[in-house]
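Values reported hereafter were calculated over all heavy atoms of this structure, with side chains retained and with hydrogens, waters and symmetry mates removed.
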Amino acid sequence: MPATKEQIRQIIADNNLNSVADVYSLLRDSFKDILQELMEAELDASLGYEKNQKREAPTSNKRNGHTPKTLKSQYGEFQIDVPRDREGEFEPKLIPKYQRDISGIEEKVISLYARGMSTRDIHDQIQDLYGMELSAEMVSKITDRVLPEIKEWQSRPLNPIYPFVFMDCIHYKVREDGRILSRAAYIVLGITADGYKDILSITVGANETSKFWLGMLNDLKNRGVQDVLFFCVDGLPGFKEAIGAVYPDAQIQRCVIHMLRNSFKYVNYSDLKKFSSDFKAVYNAPNETSALSELEKIKEKWGRKYPYAISNWENNWEDISSFFQFSDDIRRIMYTTNIIEGLNRQYRKVTKTKSVFPSDSALEKMLYLASGNVIKKWTQRYRNWDQVLNQLIVLYGERLTRYL
């Protein structure tokens, strides 16, 4: 029960509190005293009688003095006296026998690390806030405790179907055997049949290749993903073949935004705004026939000046055009990989202070912890998901309903 205003005023008067430091000191001392009394009460309950109780005790066991113990807490370090019993049967529950840190400091360290702080910065932060000396090496050891959790998360069973799966990767620098090498963090994000986003996998490996993606897709299959309706990807060569080898019935949707960016590389800056405006008629077309007609108009207007900007769309049309057969609600989900690029921005935000990671596991560790913070915010499902799901059921029938 919180103290009343009158009680608080009396505490201030009795202890002559004039500054924040005075308040902190009082809280620290009070915290210590309360813990001490709670542990004494624990021993009373264990023995079955209170100290100095005169009636006959129900047990032959007795108190046997105290053992000093230094604790780390949110109020800094202090010493308490742990009560003992003569027969050694007393096992404190409030502060277990070998526990010396009651501050939740490990959770605080992991939380700071997940937000992109370096081990040195965390060391300084903990020292400033709690007056504890926590070396950078100890910070690293504390965060290493999530490594078994990462392995368990990477191999956890997945849903049998995901209507939409997005795949992308981010590149980082990692130190290995005294050399600095490029590494790719392969990210797989899925939309569940209930309309919620979920990160299915994060794996650090060699630079982005279709062969590695093939291994990633097989891993999804082995973890229980039996079917995927749409894979939304960028233009990595070999991506289509890798997907077809593992999920032959899945449709591929190339990211329209990536396609535009690739085309813009061939267009002069002075024409870019007009060229971009003209292309809206293509990807906003009501159906594929209209889209092809608009693409032909753009070819007539710009094809001679920028042939590669147009042929880029013609050569990849089969993988671009999947979304034209659907309503706007479904199109908004699948026509671009912005959803996973938004996730990548969150990763870059927490890794921006790291020019080089000391190891692959250090990179995986930070991305995993950052993912936990992101997933906590994904509490709402996609807008109009009921309509989206109904349309998908009409189109794909038992392929989808068998898993609902």
Atom [atom1] of [X] with >12 non-hydrogen neighbours under 6.0 angstrom:
X      : atom1 : answer
Lys280 : NZ    : no
Tyr335 : OH    : no
Arg261 : CZ    : yes
Arg175 : CZ    : no

List for me each residue that meets side-chain hydrogen bond (donor to acceptor under 3.5 Å, both in side chains) alongside [X], sequence neighbours excluded, and say none if there are none.
X      : answer
Thr192 : none
Lys69  : none
Ser293 : none
Glu318 : Lys240

When the ring planes of Tyr247 and Phe231 are compared, do they come out parallel, tilted or perpendicular, using 30° and 60° as the limits?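 Ring orientation, 0 to 90° scale: tilted.
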
State, yes or no, whether a side-chain contact exists between [X] and [Y] at a heavy-atom distance under 4.5 Å.
X      : Y      : value
Trp385 : Ile191 : yes
Ile187 : Ile202 : yes
Tyr172 : Val204 : no
Tyr382 : Lys197 : yes
Gln251 : Met334 : no
Gln253 : Ser322 : yes
Lys376 : Asn373 : yes
Met167 : Leu217 : yes

State whether the side chain of Arg84 and the backbone N or O of His66 hold a donor-acceptor pair below 3.5 Å, judged by distance alone.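 Pair found, side chain donor or acceptor close to backbone of His66.
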
Check for a donor-acceptor pair, side chain of Asn390 on one end and backbone N or O of Asp386 on the other, with a separation under 3.5 Å. yes

Run the ring-ring contact (aromatic ring centres under 6.0 Å, His included) check on Tyr283 and Trp313 step by step: do they pass? CA-CA 11 Å; Tyr283 58 83; Trp313 285 72; 7.1 Å; no

Show me the pairs that pass side-chain hydrogen bond (donor to acceptor under 3.5 Å, both in side chains) and involve residues 361-372, at least two apart or across chains. Thr143-Lys365, Asp144-Lys365, Glu149-Tyr368, Tyr347-Ser371, Ser359-Ser361

Are [X] and [Y] ion-paired here, with the side-chain N under 4.0 Å from a carboxylate O?
X      : Y      : value
Asp360 : Arg183 : yes
Lys297 : Glu294 : yes
Lys301 : Asp278 : yes

How long is the gap from CD on Glu176 to CG on Leu181, to the nearest 0.5 Å?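 Spacing of CD (Glu176) from CG (Leu181) equals 5.5 Å.
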
So, taking the atom named CG in Asn384 and the one named CG in Leu389, what distance separates them when rounded to the nearest 0.5 Å? 12.5 Å

Return the set of residues passing side chain to side chain contact (heavy atoms under 4.5 Å, CB included) with [X] (not counting sequence neighbours), or none when no residue passes.
X      : answer
Tyr266 : Tyr308, Ala309
Asn268 : Ser270, Asp271, Lys305, Tyr306
Ser327 : Asp329, Ile330, Gln391

Set out, in order, the CA-CA distance, both residues' side-chain angles and the distance that settles side chain to side chain contact (heavy atoms under 4.5 Å, CB included) for Tyr396 and Asp249, then state yes or no. CA-CA 11 Å; Tyr396 296 99; Asp249 295 328; over 6 Å; no

Please assess Thr401 against Glu398 for the test side chain to side chain contact (heavy atoms under 4.5 Å, CB included), listing each intermediate value before the final yes or no. CA-CA 5 Å; Thr401 56; Glu398 188 180 351; 4.1 Å; yes

Report the C-alpha separation of Leu395 and Leu400 in whole Å, then their side-chain angles, then the decisive distance to 0.1 Å, and conclude whether the side chain to side chain contact (heavy atoms under 4.5 Å, CB included) test is met. CA-CA 9 Å; Leu395 292 167; Leu400 182 58; over 6 Å; no

List the atom pairs, with distances to 0.1 Å, where a side-chain N or O of residues 336-345 and a protein N or O form a donor-acceptor pair under 3.5 Å, not counting sequence neighbours.
| unit_1 | atom_1 | unit_2 | atom_2 | d |
| --- | --- | --- | --- | --- |
| Thr336 | OG1 | Asn338 | N | 3.2 |
| Thr336 | OG1 | Asn338 | OD1 | 3.3 |
| Glu341 | OE2 | His258 | NE2 | 3.1 |
| Asn344 | ND2 | Asp168 | OD2 | 3.2 |

For Glu288, check salt bridge (Lys or Arg N to Asp or Glu O under 4.0 Å) against everything at least two apart and list the hits. none

Quick one: list whatever passes ring-ring contact (aromatic ring centres under 6.0 Å, His included) with Tyr162, sequence neighbours left out.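 Listed in chain order: nothing, the list is empty.
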
Who passes ring-ring contact (aromatic ring centres under 6.0 Å, His included) against Phe275, sequence neighbours left out?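 Result, ring-ring contact (aromatic ring centres under 6.0 Å, His included) vs Phe275: Phe279, Trp302.
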
Centres of the Trp378 and Tyr196 rings: under 6.0 Å? no

